[in-house]
Amino acid sequence: FVTMSWMIATKAARGADGTDDRPKDVVAAAIVDDGRVLLAQRAHPAELAGKWELPGGRVESGETHAQALSREIREELGAEIEVGARIGAQVMLPNRLVLHAYRARLRSGTPAALEHLDVQWFSADELRLLDLDDVVPADRDWIPELCAILDDA
Ligand code: C5P
């Protein structure tokens with residue numbers, strides 16, 4: 001019965017063309033250090049290029065959110081982080097992606113824009129001055145909570 005249920009569940013998760021249409025998780029890190037949060041400026045795709053985001057990426061099968069986030073930050077910024085509590089609500093993205101954000105602290109390394117246009121540390125006041133048009137749409141709702149976290153930091 002367990003195998004049957006699994007087969008049905010697996011089959012239901014495949015589209016008619018055999019593609020996997022189950023939701024996929026994307027994780028993003030609010031790395032906080034010395035009262036500021038790190039934002040990264042996207043290089044692609046064209047419609048998001050130049051906009052600031054919490055850095056992160058897709059969770060691969062078999063990974064926990066924390067493992068995926070640590071891997072993405074290592075790949076994208078060349079730094080090691082410790083992943084903390086979840087922040088904000090999850091955000092539904094196009095293409096069945098679900099975005100989750102977590103607080104994080106730097107363990108080692110200096111974040112660098114290895115795959116982004118730039119990285120920059122923002123204080124709460126700087127975040128409040130940031131034009132929302134310059135922020136990736138999915139990340140905009142997190143700004144007030146990020147300001148509150150920095151105000152407390
Ligand atoms: O960075 P990457 O392209 O792997 O992200 C996968 C998807 O998640 C993209 O559609 C991207 O726009 C979205 N994303 C987001 N906000 C983030 C990180 C990723 O909207 N902070």
Side-chain angles (χ1 to χ4, degrees), residues 9-10 12-13 15 19-153:
T10 305
T19 55
D20 186 343
D21 57 5
R22 280 172 290 192
K24 290 222 170 49
D25 288 335
V26 179
V27 286
I31 304 173
V32 174
D33 190 50
D34 197 20
R36 295 179 301 167
V37 65
L38 189 79
L39 297 186
Q41 195 174 32
R42 286 194 70 100
H44 55 83
E47 64 272 19
L48 296 180
K51 296 192 193 293
W52 295 98
E53 69 171 3
L54 293 179
R58 294 181 190 221
V59 178
E60 289 174 5
S61 71
E63 280 183 326
T64 63
H65 283 191
Q67 286 168 342
L69 202 43
S70 297
R71 175 184 52 73
E72 287 286 346
I73 297 304
R74 190 178 304 125
E75 290 171 2
E76 294 185 354
L77 306 178
E80 296 296 325
I81 56 166
E82 182 183 312
V83 178
R86 186 188 274 271
I87 64 161
Q90 64 182 37
V91 179
M92 306 304 291
L93 298 174
N95 303 321
R96 291 183 155 260
L97 296 177
V98 186
L99 180 61
H100 311 264
Y102 290 87
R103 291 186 64 154
R105 275 181 220 272
L106 272 181
R107 289 177 56 197
S108 63
T110 304
L114 305 179
E115 297 181 5
H116 287 84
L117 295 179
D118 196 8
V119 293
Q120 203 174 298
W121 293 97
F122 289 79
S123 67
D125 286 342
E126 286 164 341
L127 273 190
R128 288 186 189 100
L129 288 174
L130 195 55
D131 186 338
L132 285 186
D133 281 344
D134 294 333
V135 177
V136 167
D139 294 30
R140 289 174 192 163
D141 288 350
W142 292 333
I143 300 286
E145 188 168 346
L146 289 174
C147 288
I149 287 169
L150 296 179
D151 286 337
D152 288 347

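Quick caveat: nothing in here was measured; it's all calculated off a predicted structure.
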Could you tell me the separation between the [atom1] atom of [X] and the [atom2] atom of [Y], rounded to the nearest 0.5 Å?
X    : Y    : atom1 : atom2 : value
E76  : L69  : CD    : CG    : 9.5 Å
K24  : L93  : NZ    : CG    : 13.0 Å
D33  : L106 : CG    : CG    : 5.5 Å
L127 : L150 : CG    : CG    : 6.0 Å
L130 : D125 : CG    : CG    : 12.5 Å
R36  : E126 : CZ    : CD    : 7.5 Å

Shortest non-hydrogen contact between [X] and [Y], atoms and distance:
X   : Y   : answer
R58 : A68 : O-CB, 4.4 Å
R42 : H44 : NE-O, 2.8 Å
A43 : A49 : O-CB, 3.5 Å
A29 : I73 : CB-CD1, 4.1 Å

Can you check whether [X] reaches [Y] side chain to side chain, under 4.5 Å on heavy atoms?
X   : Y    : value
L48 : P137 : yes
V37 : W142 : no
V83 : S70  : yes

Is it true that a side-chain atom of [X] and a backbone atom of [Y] form a donor plus acceptor pair closer than 3.5 Å?
X    : Y    : result
K51  : D133 : yes
E145 : G88  : yes
D139 : L54  : yes
Q41  : G50  : yes
R140 : V135 : yes
W121 : L39  : no

* To do: For atom CG of D141, decide whether the heavy atoms of other residues, nucleotides or ligands shown that lie under 6.0 angstrom number more than 12.
  =>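 Not more than 12 within 6.0 Å, no.
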
* Count the heavy atoms of every other residue, nucleotide or ligand shown that sit under 6.0 Å from CZ of R128, and state whether that count exceeds 12. =>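 Counting other residues, nucleotides and ligands, CZ of R128 exceeds 12 neighbours.
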
* Does E60 have any side chain to side chain donor-acceptor pair (under 3.5 Å) partners at least two apart in sequence or in another chain, and if so, which? ->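 Partners of E60 by the side chain to side chain donor-acceptor pair (under 3.5 Å) criterion come out as none, since no residue qualifies.
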
* **Criterion salt bridge (charged side-chain N to carboxylate O under 4.0 Å, His left out) against E80, the qualifying member of R74, R107, R71** =>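 Answer after filtering R74, R107, R71: R74.
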
* According to the ring-ring contact (aromatic ring centres under 6.0 Å, His included) rule, which pairs have a member within residues 57-86, sequence neighbours left out? ->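 Listed once each, the pairs are H65-H100, H65-Y102.
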
* side chain to side chain contact (heavy atoms under 4.5 Å, CB included) with R103: which of I87, I81, L146? ->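 Of all the options given, the one that passes is I87.
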
* Name the one of V26, V98, D25, T64 that satisfies side chain to side chain contact (heavy atoms under 4.5 Å, CB included) with V59? ->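 It is D25; the other options fail the test.
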
